[in-house]
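In what follows, a structure is listed as structure tokens, so that the remarks can point back to it.
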Amino acid sequence: MKIKIISILLASATLLPANPNYSKTFNQCIDRSGGVTFKMSQCTAAEIKHHDKLLNTNYKKTMKVLSKEKFPLTF
């Protein structure tokens with residue numbers, strides 16, 4: 001019984017889509033890496049750079065909306 005459950009879980013895991021939080025470019029890069037750690041780390045570094053840029057862009061947009069009158073920051 002345990003083997004059937006484990007087999008079903010493993011089979012269903014392969015049907016899951018790629019993580020939607022990763023860019024299409026990242027998923028393609030990982031697929032092309034062939035499981036080579038160095039290539040995968042290059043894909044990861046590029047993805048981190050991409051998300052950092054998105055974070056900075058959204059942070060700047062947010063700070064424009066939150067003026068000092070609406071969101072006073074005092075430390």
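Quick caveat: nothing in here was measured; it's all calculated off a predicted structure. For the numbers below, each heavy atom of this structure counts, side chains included, while hydrogens, waters and symmetry mates do not.
- Listed by first then second residue, pairs satisfying ring-ring contact (aromatic ring centres under 6.0 Å, His included) with a partner in residues 26-50 read Y22-F26, not counting sequence neighbours.
- K61 meets the side chain to side chain contact (heavy atoms under 4.5 Å, CB included) test with T57, N58; sequence neighbours excluded.
- Although no hydrogens or angles enter the test, the distance criterion places no donor-acceptor pair under 3.5 Å between the side chain of D52 and the main chain of I48.
- Applying the side-chain hydrogen bond (donor to acceptor under 3.5 Å, both in side chains) test to residues at least two apart or on different chains, the pairs with a partner in residues 29-47 are S23-E47, E47-H51.
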